[in-house]
Amino acid sequence: MGKKITKRSEDYSIWYNDIVKEAELAEHSAVKGCMVIKPYGFALWENIQTELNLRFKETGHQNAYFPLFVPKSFLSKEAAHVEGFAKECAVVTHYRLKSSADGKEVVVDPEAKLEEELIVRPTSETIIWNTYKNWIQSYRDLPLLINQWANIVRWEMRTRLFLRTTEFLWQEGHTAHASKQEAIDESKLILDLYADFAENFLAIPVHKGLKSINERFAGAIDTYCIEALMQDGKSLQAGTSHFLGQNFAKAFDVKFQTKEGKQELVWATSWGVSTRLIGGLIMTHSDDLGLVLPPSIAPIKVVIVPIYKSEDERVVVNDVAERIVNELKALKISAKYDQDDNKKPGWKFAEYELKGIPLRIGIGPKDVKNNSVELFRRDTLAKELVSADNIGEYISKLLPEIQQNIFNKALKFREDNTHYANTYDELKSLIDSNAGFIWANWDGTTETELKIKEETKATIRFIPLDEEKIEGKCIYSAKPAKHKVVFAKAY
RNA sequence: CGGGGUGUAGCGCAGUCCGGUUAGCGCACCUGCUUUGGGAGCAGGGGGUCGGAGGUUCGAAUCCUCUCACCCCGACCA
């Protein structure tokens, strides 16, 4: 009975869709390629926002908001940038509708054509740098450290809930600096921030790295990324941070006066994470029973399910449950006490497992008699009877332990699914068997990268940052290797 | 854009090949009673332009033509 989740081993894609749907995170909307994020899914995004805002503000950034629409001419000011996005832009051409001749529907009013088309932002560099030109005059205005939370539209051919949708939510940071080094430092600071956030808040182990020229952001000098391994052996780019050099400063003529009175172009960065993180969260931790959430991000960390037969029993159980709820509330642990009498305990157990709630407390008459409660851990599926005394304290110690266990599990999975290829044949067979991250020597050329992509469908996910001198030959070209990099199929 | 699939109640489906009572089943929903330690039971009840348009026919969910939408797999993609 009830909801069923397709097993991962049966069909990983359908498993993912089942989780998103059955845990009520999101659903397909009436608009092709766009999703409705449901309250439980949006709660995850809100928690991501809260945590990132804290971290952004600690590092001196401020939030602001820029327009949804970008004049077409802005987008074309940076050549590489426009080329990268042109194929997936939604364009606004008119500003008015009118009734059709027969009065039965509305049609676009041909009289209301815009003089200049507006692009629905695929990213905001251009509109923001056009604005920064007015904000920056002197070195005293720098650094300028701005973030915005916004929706983005990229007209993708094929979409998947959270992982790639036509419209999605993200944050995009855009900073301006007086020196090259300062901008590079900023892009790396954010990279570290993202990695720490992914690992310690989302419990997703990530590699920090540099993207190859082929994979980097359109308009960037360097693109850094955090890259995570999903349970099906595919890699997910979970966040990016770009050193933009002076490309956008040149395109939008953003200069500042130095202490010495000279005019110089500013140096830029941009960086972002999106609702895609929720997809990564699902695919990193969840199992065949449903969603598994690390306590940090779980909107509800503890759910309390009362068990009773008679009204007398209900009252006795309720007393204990209320006491525990208050205890948890006092400790700022978000808890839900499910008093719904229309659902049986068994139903609730299954439902909250599906929704990934880290801890469940069951309280029945037997427990009241023994001054105990039944504590169920979603991550290990283990049940234990614990004393009802100081349960809040017990739980506040247990939650970080669960968080750590979930992270360790994901880390172990990544280690078990990381391999080294010494030959191209090895690489091919590892990729074919969805083996995960595969380290291999690469000669550093785009040509080689593209050949390998064409032949194996795997791409270079990142070049490690703290790389030592590489010896040996490229597994493809046999030329001297420039880097040891990670290959994988990617989302 | 290619290949595959699906549109019938809020959700999941049967019925379609071979046209024919009042379009059915499960879940969910409403009412009542009994239940409640792993997705409760019984009884009663409400809910449908069968994706849309045209056609064939005495009669269409079912046959024909056109069309729309969505999903999956590719191609594509920060």
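Throughout, a chain's letter reflects where its sequence line sits, starting with A, and its residues are numbered from 1. Both backbone and side-chain heavy atoms feed into the values below; hydrogens, waters and symmetry mates do not. Everything numeric here is computed off the predicted structure, so don't read it as measured data.
- Remark: C1' of B:rU36 and CD of A:Glu374 are 15 Å apart, rounded to the nearest angstrom.
- Closest approach to the A:Lys383 side chain among B:rA75, B:rG37, B:rG38 is made by B:rG38 (side chain taken as heavy atoms from C-beta onward).
- Defined by atom type and a distance below 3.5 Å, a donor-acceptor pair is missing between the side-chain atoms of A:Asp192 and A:Tyr224.
- One P atom belongs to B:rG32, the other to B:rC11, and the distance between them is 27 Å to the nearest Å.
- Nucleotides B:rA61 and B:rG4 are separated by 23 Å at their C1' atoms, to the nearest Å.
- Using a 4.0 Å heavy-atom distance criterion, A:Glu454 is classed as making no nucleic acid contact.
- Using modelled atom types and a 3.5 Å distance limit, the side chains of A:Asn318 and A:Tyr337 yield a donor-acceptor pair.
- Base engagement by A:Phe376 is indicated by at least one non-hydrogen atom pair under 4.0 Å involving a base atom.
- The closest side-chain donor-acceptor pair between A:Asp338 and A:Tyr352 falls under 3.5 angstrom.
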Sort me out a list of protein N/O and nucleotides 6-11 of chain B N/O pairs below 3.5 Å, or just none if empty.
none

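- Atom-to-atom, CG of A:Asp338 to P of B:rG39 comes out at 16 Å; the value is rounded to the nearest Å.
- Atoms CZ (A:Phe168) and P (B:rC77) sit 16 Å apart, rounded to a whole Å.
- For B:rU36, there is no paired base (Watson-Crick or G-U wobble, both distances below 3.5 Å).
- Between B:rA14 and B:rC77, the two C1' atoms lie 40 Å apart (nearest whole Å).
- Proximity of A:Trp442 to A:Ile463: side-chain heavy atoms (C-beta onward) are separated by under 4.5 Å at one or more points.
- Between the side chains of A:Asn214 and A:Thr446, not a single donor N or O lies within less than 3.5 Å of an accepting N or O.
- Base contact: A:Pro365 has a heavy atom under 4.0 Å from a base atom.
- When side chains are defined from C-beta on, A:Tyr132 counts as touching A:Ile146, because their heavy atoms get closer than 4.5 Å.
- Under the 3.5 Å distance criterion, with hydrogens and angles disregarded, a donor-acceptor pair is assigned to the side chains of A:Thr459 and A:Arg461.
- The side-chain heavy atoms of A:Glu156 and A:Thr165, taken from C-beta on, include no pair separated by under 4.5 Å.
- With hydrogens and angles ignored, a donor-acceptor pair closer than 3.5 Å exists between the side chain of A:Glu353 and the base of B:rG38.
- Searching all strands for a Watson-Crick or G-U wobble partner of B:rU6 with both distances below 3.5 Å returns B:rA69.
- Between B:rU22 and B:rG54, the two C1' atoms lie 28 Å apart (nearest whole Å).
- Nucleotide B:rA28 forms no Watson-Crick or G-U wobble pair with any nucleotide shown, as no partner meets the under 3.5 Å limit on both distances.
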Enumerate all atom pairs, one protein N or O and one N or O from nucleotides 66-72 of chain B, separated by less than 3.5 Å.
unit_1	atom_1	unit_2	atom_2	d
B:rC70	OP1	A:Lys32	N	3.2
B:rC71	OP1	A:His28	ND1	2.9
B:rC72	OP1	A:Asn17	ND2	3.3

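- Summarising the base pairing, B:rA23 is matched to no nucleotide, lacking a Watson-Crick or G-U wobble pair whose two defining distances lie under 3.5 Å.
- Residue A:Tyr308 contributes atom OH, which lies 11 Å from atom P of B:rG37 at whole-angstrom precision.
- One atom, CD of A:Glu156, and another, P of B:rA75, lie 15 Å apart when rounded to the nearest Å.
- Across all strands shown, B:rA60 has no partner, as no Watson-Crick or G-U wobble contact with both distances under 3.5 Å is found.
- Nucleic acid contact for A:Arg314: none, since no nucleic acid atom lies under 4.0 Å from a heavy atom of the residue.
- The distance between atom NZ of A:Lys369 and atom C1' of B:rG37, rounded to the nearest whole Å, is 13 Å.
- Among the atoms of the strands shown, none is found under 4.0 Å from any heavy atom of A:Glu313.
- A:Lys457 places its NZ atom 8 Å from the P atom of B:rC76, with the value rounded to the nearest Å.
- Across the P atoms, B:rG5 and B:rA60 are found 28 Å apart, a figure rounded to whole Å.
- The side chain of A:Arg360 lies closest to B:rG38 when the candidates are B:rU35, B:rG38, B:rG39.
- Side chains of A:Asn247 and A:Ile221 form a contact here, defined as non-hydrogen atoms less than 4.5 Å apart.
- Among the protein residues, A:Lys343 comes within range of the sugar-phosphate backbone only, with heavy atoms under 4.0 Å from sugar or phosphate atoms but none that close to a base.
- Across the P atoms, B:rC13 and B:rU6 are found 11 Å apart, a figure rounded to whole Å.
- The existence of a salt bridge linking A:Asp196 and A:Arg55 is confirmed by a sub-4.0 Å separation between a basic side-chain nitrogen and an acidic carboxylate oxygen.
- Residues passing the side-chain contact (heavy atoms from CB on, under 4.5 Å) test with A:Ala183, sequence neighbours excluded: A:His177, A:Phe243, A:Trp267, A:Thr269.
- Side-chain contact between A:Arg160 and A:Tyr491: present, with at least one pair of heavy atoms (C-beta onward) separated by less than 4.5 Å.
- Between B:rG20 and B:rG59, the two C1' atoms lie 7 Å apart (nearest whole Å).
- Applying the side-chain contact (heavy atoms from CB on, under 4.5 Å) rule to A:Asn130 yields the partners A:Phe74, A:Phe252; only residues at least two apart in sequence or on another chain are considered.
- More than 12 heavy atoms of other residues, nucleotides or ligands sit less than 6.0 Å from atom NZ of A:Lys484.
- Comparing the P positions of B:rC50 and B:rG10 gives an interatomic distance of 13 Å, to the nearest angstrom.
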Below 3.5 Å is the cut-off: list the nitrogen or oxygen pairs between protein and nucleotides 40-45 of chain B, distance only.
unit_1	atom_1	unit_2	atom_2	d
B:rA40	O4'	A:Lys344	NZ	3.3

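- In a base pair of the Watson-Crick type (N1 to N3 plus N6-O4 or O6-N4) or a G-U wobble (N1-O2 and O6-N3), with each distance short of 3.5 Å, B:rC1 is matched with B:rG74.
- Base contact: A:Arg164 has a heavy atom under 4.0 Å from a base atom.
- With rounding to whole Å, A:Leu450 atom CG is found 10 Å from B:rC77 atom P.
- Considering only residues two or more places apart in sequence or on other chains, A:Tyr476 meets the ring pair (Phe, Tyr, Trp, His ring centres under 6.0 Å) condition with A:Tyr424.
- Under the Watson-Crick or G-U wobble criterion, with both distances below 3.5 Å, B:rA14 has no partner in any strand shown.
- Closest approach to the A:Met157 side chain among B:rG37, B:rC77, B:rA75 is made by B:rA75 (side chain taken as heavy atoms from C-beta onward).
- The residue among A:His242 and A:Lys348 whose nearest nucleotide of RNA chain B is located toward the 5' end is A:Lys348.
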